[in-house]
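Every heavy atom of this structure was used, including side-chain atoms; hydrogens, water molecules and symmetry mates were not. Everything quoted here is computed from the prediction, not taken from an experiment.
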Number of protein chains: 2
Amino acid sequence: MAYQSENLIAQAREIREASRVSQRALSERAGLTQSHISQIESGKMEPGLSSFIDLTRALDLEVMLVPKKLVPAVLGLVKAQATPDMHIHAGQPNDKRFARAERLVKKMKHLYGSSADLDRIEDTLRFLRRVNLRDQEMQLVRELIARLERYQASAQAAPVVRDIAQNLQRLRNSIAHPAPSEPRPAYSLDDGDADA
Amino acid sequence: MAYQSENLIAQAREIREASRVSQRALSERAGLTQSHISQIESGKMEPGLSSFIDLTRALDLEVMLVPKKLVPAVLGLVKAQATPDMHIHAGQPNDKRFARAERLVKKMKHLYGSSADLDRIEDTLRFLRRVNLRDQEMQLVRELIARLERYQASAQAAPVVRDIAQNLQRLRNSIAHPAPSEPRPAYSLDDGDADA
DNA sequence: GAATCCAATACAGTATTCTATATCACAACT
DNA sequence: AGTTGTGATATAGAATACTGTATTGGATTC
């Protein structure tokens, strides 16, 4: 099931990982079991409010209620403080990034001939561009694009390109088919979409 | 009961009352039952995280994760903007609309058994919810949902459901596989995190 | 006094969380 | 090869969230 809470949970997970706390260590501090935390983080179960609070408190976080209107302000506040030595130049808006990436792919197709992998990348980029990506997801995309740029002219570009294509597609699938729980109907093929 | 969540819940209740929204009205917008809300507010039961989020979102609030250190700052920010008379738009935000629709589908699956069409609708809704829809597109979705609500119990629901599923899927495909490269309004709502 | 709208409460049934314990596969390091 | 730490998973059972529906008593307003 696609839950409304996945953002919050993903955030908590990121912070846990960033602070190098293992699920086990956290479980002791928060008073939950490791298995429980694993299932929550992997989206296999939806925590109760109090479990979630326990979890976040153990990470030195507070759950707060903020008027929608103020969300950007708070976000700014938190972000400013959170990464004092993180040099993520927030410069380029995502949209431009995608535009550049698509141009790059086009150029590669033109130079080295088109391939199934390049086609896949192009297609997936076009898709991802339209979606609201979480920071974490955007980060992944950024990395993949950077890698593509780095290896574009390399001799062994082929396997790298394939890997990038696979990663992008995986991300895409995780967004397009976010439901891990339903008994998958037989008609749903593993990879592509049912679209036609 | 006296749990960690007492505060948050009390806060939510205060805001509900300040906005003069009855439990019943809120229950409809949040997709919970009035009885449920009453028990939550009176501390007789601890809501799940997602129930709580549904609740707060219906009150135009966001649940956010804030480093303990920054809590006073955020508190100040929120309080400064304190609500002289906050009232809630009658217009349902899209998010709520989707939540309701998904809930409806779930109910239908439960009542009449799940079908390929219902699965498809569920899947597609989950997808569309994540995407930036243009006004025109959102309008279509709204109409389709309204139709689903109207026909949910009808005798000839089946063909209607199928038609709705088809329409939704077509919309989805047009987004996932845009024919030409198209610009999109880059608009990032509430997804924020402090990245590691 | 009747009619509303409100919140609280009850109750039956289902679905899910949550605990506790254990295991597995995969790393990294000795 | 063995040890250790990681996260993912399995299973079984107790607890409880959640739905739906319905009723209650209180406060209003006509």
B/Val66 side chain reached by A/Leu61 side chain, heavy atoms, under 4.5 Å: no

In whole angstroms, the gap separating C1' of C/dT17 from CD1 of A/Ile37 amounts to 14 Å

Whole-Å distance, A/Gln23 CD to C/dC24 P, equals 19 Å

Closest of C/dC6, C/dT9, C/dC18 to the A/Met45 side chain is C/dC18

message = Using side-chain heavy atoms (C-beta onward) and a distance below 4.5 Å, is A/Val21 in contact with A/Arg29?
response = yes

Between CG of B/Leu26 and C1' of C/dA7 the distance, given in whole Å, is 13 Å

Review point. Counting any heavy atom closer than 4.0 Å, what does B/Arg13 reach on the DNA or RNA strands: base, sugar-phosphate only, or nothing?
Key: sugar-phosphate

Do any side-chain nitrogens or oxygens of B/Ser22 fall under 4.0 Å of OP1 or OP2 in C/dC6?
yes

From CZ of A/Arg20 across to P of C/dA28 the rounded distance in Å is 14 Å

Chain A vs DNA chain D, heavy-atom contacts under 4.0 Å, first-to-last nucleotide span, 5' to 3', is D/dT6 to D/dA10

I'd like to check A/Ser51 versus A/Leu55 (side-chain heavy atoms, cut-off strictly below 4.5 Å). Are they in contact? no

Margin query: Over all strands shown, is A/Ser38 touching base, sugar-phosphate only, or nothing at heavy-atom distances under 4.0 angstrom?
Written below: base

inquiry  = For a quick check of understanding: with a heavy-atom distance under 4.0 Å over all strands, which category does B/Gln34 fall into, base, sugar-phosphate or nothing?
reply    = base

In whole angstroms, the gap separating C1' of C/dT19 from CG of A/Leu32 amounts to 10 Å

- [ ] May I ask you to decide if B/Leu8's main-chain N or O and B/Ser5's side chain share a donor-acceptor pair within less than 3.5 Å?
- [x] no

B/Arg24 atom CZ is separated from C/dA8 atom P, nearest whole Å, by 12 Å

By nearest-heavy-atom nucleotide on DNA chain D, the more 5' of B/Ser35 and A/Ala25 is A/Ala25

Note to self: Measuring only between side-chain heavy atoms, which start at C-beta, is A/Arg16 closer than 4.5 Å to A/Gln23?
What the structure shows: yes

**Prompt:** When you check the gap from the basic side-chain N to the acidic O, do B/Asp117 and B/Arg120 get nearer than 4.0 Å?
**Reply:** yes

Sorted by position of nearest nucleotide on DNA chain D, 5' first, the leading residue of A/His36 and B/Ile40 is A/His36

Comparing nearest nucleotides in DNA chain C, the 5'-proximal residue of the pair A/Thr33, B/Arg16 is B/Arg16

Q) Taking the side chain as C-beta and beyond, is there a heavy-atom pair between B/Arg13 and B/Ile9 under 4.5 Å? A) no

